[in-house]
Every structure is written in C-alpha cells, then in structure tokens.
Amino acid sequence: MTVTVSTKGYTKGFHSTTRLSASLKTAIVGMPNVGKSTLFNALTETQGALAANYPFATIEPNVGIVEVPDPRLAVLTKINESAKTVPASLEFVDVAGLVKGASDGEGLGNKFLANIRETDAIVHVVRCFEDENVIHVDGTVDPLRDAEVINLELLFADLASVDKRLEKVKKDRKADPVEASALEKLKEALDLGKPGRSVELDEEEELSVKSLGLLTRKKMIYAANVADTDLAEGNEMVEKLRGLAKEEEAAVVVVSAQVEAELCELDDEERADFLESLGVSLENSGLRALVTSAFELLGLITYYTSGPTETRAWTIRNGWTAPKAAGVIHNDFERGFIRAETFCYDDLVEHGDEASVKAAGLMRSEGKDYVVKDSDVMLFRFNV
C-alpha cells in the first residue's frame with residue numbers, strides 16, 4: 001500500500017489540508033485555583049500555563065494539542081511495520097478562572113466567556129479536595145456551589161444573547177420563523193435555569209442559532225479534581241457532583257491534577273508503578289479518561305490508513321459517509337471519490353495481515369453512501 005497521488009491513487013501517508021481535529025476545541029473552565037492550569041499542563045505535558053496559587057493566574061487562554069490515547073495504533077504499526085505513527089488529536093484551551101458576576105464583567109469575565117464561546121465543548125474542573133495550603137476564592141470547598149456559580153454565569157450570558165437576538169427578530173418582519181421558534185424554546189429553558197443543551201431543536205433550528213455560540217448549548221464534562229488518595233474510588237464530594245451531572249445529562253471523570261503533573265516527570269515504568277500504588281492503571285487514569293471522554297463528547301470517531309510508510313488515525317464526525325471521510329485527507333479525495341476498500345480493525349488483528357483479510361473475503365468495496373464506522377481501516381480510490 002503506497003501513496004500514489006495520480007488520477008487513480010491510494011491514500012497512504014498523504015497530508016491533509018482540511019483535517020477536522022484542527023478546528024475542534026475543548027475549553028477547560030472552572031473557579032480560580034481548582035487545578036485547571038495544572039491539569040492543562042499535564043494534558044499537554046508542558047509547563048506553559050501559569051499554575052499559581054492565586055485567582056486569575058491565567059489571563060490569556062493557553063492552547064495545547066493533545067494526543068488521543070489509542071492502543072489500536074500501536075497494533076496497526078506493528079502489523080504493517082510502519083515507519084511512522086500519527087495519532088488523532090484534540091485542542092484544549094485553558095480559560096482563566098471564572099467568578100460570580102463573570103457575565104457582568106467581573107474578573108475580566110466578558111473576555112473569558114468570549115474565549116469559551118469559540119470552543120466546541122467544555123471540561124468543567126471542579127475542586128473535590130481539601131487543602132488548607134491551596135486558597136479557595138470563596139473560603140470553603142463546596143463542589144455543588146462552585147459548579148453552580150460557573151453554570152449560572154454561562155446561563156446568564158446565554159440568556160442575555162438570546163434576549164437581545166429575540167428582540168431584533170421580533171422587530172424584523174422578514175425574520176426567519178425557524179430562528180424565532182428556536183430562540184423562544186431556548187429562552188423558556190434558560191428562564192427556568194435549565195442549560196441550552198436541554199432544549200431539543202431540529203436541524204434547521206440548530207443551524208439558525210449556531211452563530212450565537214451559546215455556552216450552555218455546548219456539551220460538558222465535569223472533571224472532579226481529587227487528592228491522590230481519592231483517585232481510585234473518588235469521595236463524598238465526587239458523589240455529589242455525579243448527582244448533579246446526572247440531572248444535567250453530563251459526564252463525570254475523576255482526575256487528580258497533581259498526580260497527572262507528577263506523572264509528567266516520570267518514565268513509563270515509573271508511571272505504571274506510581275499509579276499502581278494509587279490503585280489506578282495507566283490505561284484508565286484520569287487524564288486518559290478525560291481525553292477519551294472529550295473525544296466522544298464531540299461525537300468523533302476514528303478510522304485508519306496503515307501501510308509501511310505510515311499508520312495514521314483520522315478524525316471524523318460520527319455518521320460521515322466515505323467521501324466526506326476521505327476529504328479530511330485531501331479535498332481531491334472527496335471530489336474524485338470512486339470507492340473505498342475497507343475492512344475492520346478486529347478482522348485485521350484476527351487474521352494477521354491485509355492479504356489474509358482479503359483471502360477470507362472480509363475486505364469490502366464501499367461506495368459513496370457507506371457510513372464509516374469507528375476502527376475502519378480504509379484505502380480510498382479516487383479520480384481527479
């Protein structure tokens with residue numbers, strides 16, 4: 001399987017000009033001093049974000065690209081003896097700590113809310129540990145109160161945006177009735193203190209309000225930041241947070257920002273030993289679980305191209321057809337799509353190599369209507 005960029009070619013190791021993951025961002029938000037920047041540093045394995053013990057240590061948002069953990073890549077690389085391995089990635093944005101009144105501009109709130117508005121999903125870090133040496137902006141640790149402060153500020157900002165837009169729409173005789181309907185539904189929920197993501201909108205309604213970038217419309221993961229001793233089992237504060245998340249249909253991932261920061265200083269063997277001492281495996285550690293959850297939260301899946309030159313994970317939206325999936329490699333592959341030779345990762349592992357998969361009749365030739373599945377290994381034929 002070699003790269004042949006011609007009128008009839010195979011797609012091995014070709015660089016994308018429209019790669020989806022480059023445009024997807026996940027905001028990391030929370031109260032000041034909850035461990036956001038420490039977690040961000042661990043995510044990106046850098047010391048780029050100022051992890052200081054006082055409010056607003058982060059003023060400008062820090063941005064980092066994070067690899068998505070995927071054990072399948074190593075297996076594909078070994079089977080095909082690939083010279084290079086390229087994982088999928090996500091972009092994380094560390095937004096400065098929000099405080100009560102952020103929607104009215106408190107603590108540079110308006111600027112920070114604008115940073116969140118530009119992202120696709122939210123990781124809400126909530127402090128679930130006691131430590132007298134780490135200042136809490138409100139003096140005491142209460143995960144439900146802290147979560148409510150952030151959620152209300154996001155909600156107030158959305159309500160202001162919806163009210164402003166709805167007022168204009170009502171005055172405009174040529175306004176789109178679809179947008180008006182969507183705004184009315186959102187306003188009703190927000191007035192009741194419910195997040196925008198609780199409102200069911202059809203495809204047209206969703207598109208009509210997309211430009212507002214509503215904060216509570218974005219999907220959310222709560223990252224419960226605990227002490228190292230609570231990483232394996234969590235604690236009472238985590239359970240309270242889980243109760244809140246269940247009501248909101250949000251996810252919860254237990255992490256220890258300090259543990260993750262310490263892991264960055266260790267080699268692979270030392271990491272495994274350290275986590276084992278805490279009752280946690282590297283595969284299921286908070287950091288990996290958080291990245292994987294964010295990937296799933298954004299509705300993303302992975303397909304692969306794999307050969308001697310390169311094994312690469314390509315990120316697409318769940319539900320995309322083969323031509324659109326081919327387009328993340330190069331626009332020409334979507335425009336000139338003919339068919340996709342496809343087989344399942346599990347079949348490759350079971351049979352040992354591509355020739356054996358083909359001999360077993362498990363390689364399929366899929367057309368333009370084929371919906372790509374997670375873990376598909378694909379070879380695109382195109383003609384331009």
Side-chain angles (χ1 to χ4, degrees), residues 24-44 48-52 54-64 66 90-129 134 136-138 141-161 195-197 213-226 241 244-245 248 250-255 257 260 286-287 290-291 293-294 297-298:
L24 292 172
K25 296 180 182 179
T26 299
I28 302 178
V29 307
M31 298 279 284
N33 299 344
V34 296
K36 291 186 304 82
S37 293
T38 303
L39 184 63
F40 174 84
N41 288 337
L43 274 168
T44 57
L50 178 61
Y54 56 88
F56 314 121
T58 306
I59 303 301
E60 294 296 329
N62 295 277
V63 180
V66 180
L90 286 177
E91 189 170 321
F92 282 83
V93 181
D94 176 27
V95 180
L98 297 173
V99 294
K100 188 174 182 179
S103 58
D104 294 321
E106 290 294 326
L108 300 179
N110 288 330
K111 183 178 181 181
F112 301 155
L113 290 171
N115 295 145
I116 303 169
R117 204 176 298 281
E118 296 170 358
T119 63
D120 301 279
I122 297 173
V123 171
H124 184 170
V125 183
V126 181
R127 179 171 169 174
C128 293
F129 66 91
V134 180
H136 191 290
V137 69
D138 286 333
V141 178
D142 184 338
L144 295 186
R145 178 200 62 206
D146 291 355
E148 183 180 20
V149 166
I150 301 299
N151 290 340
L152 281 176
E153 293 306 320
L154 300 181
L155 188 146
F156 289 152
D158 279 355
L159 188 56
S161 296
R197 59 183 167 274
L214 297 177
L215 304 171
T216 64
R217 190 75 184 154
K218 301 179 190 297
K219 294 184 179 180
M220 180 181 287
I221 299 172
Y222 285 107
N225 187 18
V226 300
L241 190 60
L244 174 65
E248 299 179 349
V252 175
V253 175
V254 179
V255 300
E260 299 294 349
L287 194 60
L290 181 61
V291 176
S293 293
L297 190 72
L298 289 166

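- Counting heavy atoms from C-beta outward, Lys218 and Asp120 have side chains that stay 4.5 Å or more apart.
- The shortest distance between side-chain heavy atoms of Ile122 and Leu154 falls below 4.5 Å.
- Under the rule for a ring-ring contact (aromatic ring centres under 6.0 Å, His included), the partners of Tyr222 that lie at least two apart in sequence or sit in another chain are His124.
- With hydrogens and angles disregarded, no donor-acceptor distance shorter than 3.5 Å links the side chain of Asn225 to the backbone of Cys128.
- Annotation: side chain of Val126 is not in contact with side chain of Arg145 (no heavy-atom distance under 4.5 Å).
- With rounding to the nearest 0.5 angstrom, the CD atom of Glu153 is 9.5 Å from the CE atom of Met31.
- With contacts defined as side-chain heavy-atom distances shorter than 4.5 Å, the pair Val29/Ile116 qualifies.
- Taking both residues in full, the closest heavy atoms of Ala27 and Thr119 are given as CB-OG1, 3.5 Å, listed atom of the first, atom of the second, then distance.
- In this structure, the side chain of Lys25 does not engage the main chain of Val63 through any donor-acceptor pair within 3.5 Å.
- From Leu215, atom CG reaches atom CZ of Arg197 across 10.5 Å, with rounding to the nearest 0.5 Å.
- Here Lys36 pairs with Asp94 in a salt bridge; the nearest charged N to carboxylate O distance falls below 4.0 Å.
- The closest donor-acceptor contact from the side chain of Thr216 to the backbone of Gly196 lies under 3.5 Å.
- Contact check for Leu90 versus Leu298: side-chain heavy atoms found under the 4.5 Å cut-off.
- Of all heavy-atom pairs between Phe92 and Phe40, the closest is O-CE1, 3.5 Å.
- Of all heavy-atom pairs between Ala224 and Val252, the closest is CB-CG1, 4.4 Å.
- Residues Asn151 and Met220 have side chains in contact (heavy-atom distance under 4.5 Å, counting atoms from C-beta outward).
- Contact between Ala42 and Glu260 at its shortest, heavy atoms only, is CB-CB, 3.5 Å.
- The side-chain heavy atoms of Ile221 and Leu290, taken from C-beta on, include a pair separated by under 4.5 Å.
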